[in-house]
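These values consider heavy atoms only, across backbone and side chains, with no hydrogens, waters or symmetry-generated copies.
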Amino acid sequence: MVRSLPQWGRMTAFGAVLAMLASFAWSAPTPPARPSKKKPPQPKLPELKTPEDKLKFLEAIRASFPTIRSSGGAFTAADLDEMMRKYISKETKTPFTPIVNDETFLRRASIDLTGKTPTPEKIRAFTADKSPKKRAALVDELLASDDYARKWARYWRSVVFHNSAANRNTINPQAFEDWLFTEFKDNRSWDRVVSEMISAQPQRQPNVKAEENGFQQDHGPNNFILACERKPDIIASETARIFMGISVGCAECHDHPFDRWKREQFHEMAAFFANGKYYMTDQDDPSKKSEVKAVFLLGEEPPSTLKPDHLRVAAAAYLVYNSDNYWFARAYVNRMWSELVGDGFYSVDSLGPDKDVVHQLIVNRVSSAFRYAGFDPKWLFRLIMNSEAYQRGIRTIDKPEDLFTSVRPARLRPYEIADNVERLIGELKGARGAVERTFAQNPSTPQSDLEGTVQQALLMMNNGQLQKQLSNSPLKKQLVGIKANDEMVREAFLAVLARTPTPDETKRYADFIKSSKDRNAAIDDLLWVLTNSAEFIVKR
């Protein structure tokens, strides 16, 4: 491990950025300094009294960093498909699944970018469109919607708060989600979004109750730090897990058993987030503690003169702009790929440098292209969703070498299930909370490890409010008014499952309706069957 780099004289590229910024952007005019043989001149760093000060500082670092300014050349969905065919075909003889039809693509893309299934009117219009570029146009259309920003703000809210043990009075998840909504709506780059979270430093407000914004939790980006209880060790662990895809949490107590991370490294990372001196408890004698200085995971030391605010900005800048820290771009690419395709190149929050990565050349190439694209989230969505890798049919995958020969069916998030139920029957009110709690899941858990529960099935089958609203819904009234049973069945499938029924399904349900003595009750049964099907809560 690289250790103990001398300060300013032999600083790292990251340290050079700080020095350059200090001298160009914030130093007051001073007469030429007399050369000194003992100490190099110390740059004057800017005051960081407000979040705006930090953003200005980070923005200047971003504009100065060569990995953002450089161009790695265009990398397109066609380039991605070529790589996929080349490398995956070497690993397995399993054939790629065919590209899905328009209905399936429309439903899949709508869920992935808005969390909602398309309406029957949208399905009819999209399938009738003969344009060869209509799928790419649909992706652009969905990315421009407010639903896109809300969908992904909700997702990251659940990622950040799912493991949080913070007191509810000290956090404001809704403020965090609303801030992210604005960031995604404005297509703020991912490095800027994360930098603002990592560098935040909420202060306890004197004489203000916790539940009344006593921890400045109404300021959205503060809530990542607050979700970590403002504890340096938790901030370090969650930063590594969520934004680098590295699990270092167990190194807090002992050297990581399976990776190269050492206990000292963990606490050196945590020291970036301390408000003053940071101490590590002795592993053998808990009564003893030793002061630990902030050091980045790769062994680079920031200047010792940095104050706590500057250290947090330094940690954020190191995280996103140090080209040696390739984990930042790769963690985001891997997480988004896993959300869209159903499997990642590795588990989204447990990559270590010695862990196996499936198809590493592909994820590295996409990650570098994402960096060269300025960490633009929409660029990554367009790249993946316009590729064959995304548009393939679903198949359950058991062998790692078969990954990405098809798309894995994926369970919808709890808020997506609630949204789609409400789309059919109107506002659920109290029952919405029950749906979200019952279908709650860790958003970082791989889809291959998620399983349905008995409680989930019973809720959908037996919830009286849900069934009553479904029976009295505008959809039900519309279906009752359709005299031809074949047409009625088709409309029910389009509205609930967002697809056309197969001929066998049409005949089976039409025959059932025809043989029923009470047509109204039979239509209730049809809607009950469709909303309780696995297909209703799964992305296919």
S.K.: Can you confirm whether or not the ring centre of F370 sits under 6.0 Å from the ring centre of F75?
M.R.: no
S.K.: Can you give me the closest heavy-atom contact between S444 and V159, atom names plus distance?
M.R.: OG-CG1, 4.3 Å
S.K.: What heavy-atom pair brings R540 and T104 nearest, and what distance separates the two atoms?
M.R.: O-CG2, 3.9 Å
S.K.: Answer yes when D140 and K378 have at least one side-chain N-carboxylate O distance shorter than 4.0 Å, and no when they do not.
M.R.: no
S.K.: When you measure from the centre of the six-membered ring of F181, is the NZ or CZ of R150 closer than 6.0 Å and no more than 45° off the axis?
M.R.: yes
S.K.: Can the ring centroids of W190 and Y332 be said to lie less than 6.0 angstrom from one another?
M.R.: yes
S.K.: Determine the sole option in W152, Y390, Y148 for which the side chain to side chain donor-acceptor pair (under 3.5 Å) test with D112 is passed.
M.R.: Y390
S.K.: Can you tell if the side chain of E401 reaches within under 4.5 Å of the side chain of I88, non-hydrogen atoms only?
M.R.: no
S.K.: Can you tell whether the side chains of E451 and R411 come within less than 4.0 Å, N to carboxylate O?
M.R.: no
S.K.: Looking at D81 and E388, would you say the former's side chain and the latter's main chain have a donor-acceptor pair under 3.5 Å?
M.R.: yes
S.K.: Answer yes or no: is there an ion pair linking E416 with R413, defined by an N-O contact shorter than 4.0 Å?
M.R.: no
S.K.: Would you mind reporting whether I394 and T97 have side-chain heavy atoms less than 4.5 Å apart?
M.R.: no
S.K.: E177 and F161: side chain to side chain contact (heavy atoms under 4.5 Å, CB included), yes or no, with the steps?
M.R.: CA-CA 11 Å; E177 178 187 316; F161 286 98; over 6 Å; no
S.K.: Under 6.0 Å between ring centres, would you say that holds for F375 and F328?
M.R.: yes
S.K.: State whether E59 and R192 are salt-bridged, where the test is any N-O pair (Lys NZ or Arg NE/NH1/NH2 against Asp/Glu carboxylate O) under 4.0 Å.
M.R.: yes
S.K.: Is NZ or CZ of K293 both nearer than 6.0 Å to the six-membered ring centre of Y278 and within 45° of the ring axis?
M.R.: no
S.K.: Do W156 and W179 have their ring centres less than 6.0 Å from each other?
M.R.: no
S.K.: Restricting to non-hydrogen atoms, name the atom on M269 and the atom on T239 that form the minimum distance, rounded to 0.1 Å.
M.R.: CE-CG2, 4.5 Å
S.K.: So is R371 actually on top of Y321's ring, under 6.0 Å and inside 45° of the axis?
M.R.: no
S.K.: Given the rule in the side chain to side chain contact (heavy atoms under 4.5 Å, CB included) test, do I198 and R312 qualify, once you have shown the distances and angles that lead to the verdict?
M.R.: CA-CA 7 Å; I198 301 301; R312 294 201 176 203; 6.0 Å; no
S.K.: Is it true that R188 and E196 have a side-chain N and a carboxylate O under 4.0 angstrom from each other?
M.R.: no
S.K.: Using 30° and 60° as the class limits, which term best fits the ring planes of F296 and F272: parallel, tilted or perpendicular?
M.R.: parallel
S.K.: Between G342 and Q447, what is the shortest heavy-atom contact and its length?
M.R.: O-CB, 3.7 Å
S.K.: Is the shortest side-chain N to carboxylate O distance from R335 to D349 below 4.0 Å?
M.R.: no
S.K.: Where is the tightest heavy-atom contact between G393 and S406, given as atom of each residue plus distance?
M.R.: O-CB, 3.3 Å
S.K.: Closest approach of P400 and V358, non-hydrogen atoms and distance?
M.R.: O-CG1, 4.1 Å
S.K.: Could you give me the CA-CA distance, side-chain angles and deciding distance for F536 and T117, then say whether side chain to side chain contact (heavy atoms under 4.5 Å, CB included) is met?
M.R.: CA-CA 10 Å; F536 183 69; T117 53; over 6 Å; no
S.K.: Quick one, Y318 with N325, criterion side chain to side chain contact (heavy atoms under 4.5 Å, CB included). Give me CA distance, side-chain angles, the key distance, then yes/no.
M.R.: CA-CA 8 Å; Y318 169 80; N325 180 16; 4.2 Å; yes
S.K.: For the CD atom on E82, are there more than 12 heavy atoms of other groups (residues, nucleotides or ligands in this structure) within a distance under 6.0 Å?
M.R.: no
S.K.: Are the aromatic ring centres of W327 and F243 under 6.0 angstrom apart?
M.R.: no
S.K.: Ring-plane angle category for F126 and F105, please: parallel below 30°, perpendicular beyond 60°, tilted otherwise.
M.R.: parallel
S.K.: In the structure I gave you, are the side-chain heavy atoms of L380 and D376 within less than 4.5 Å of one another anywhere?
M.R.: no
S.K.: Under 4.0 Å between a side-chain nitrogen and a carboxylate oxygen: does that hold for R365 and D79?
M.R.: no
S.K.: Between D419 and K116 (salt bridge meaning N to carboxylate O under 4.0 Å), is one present in this structure?
M.R.: no
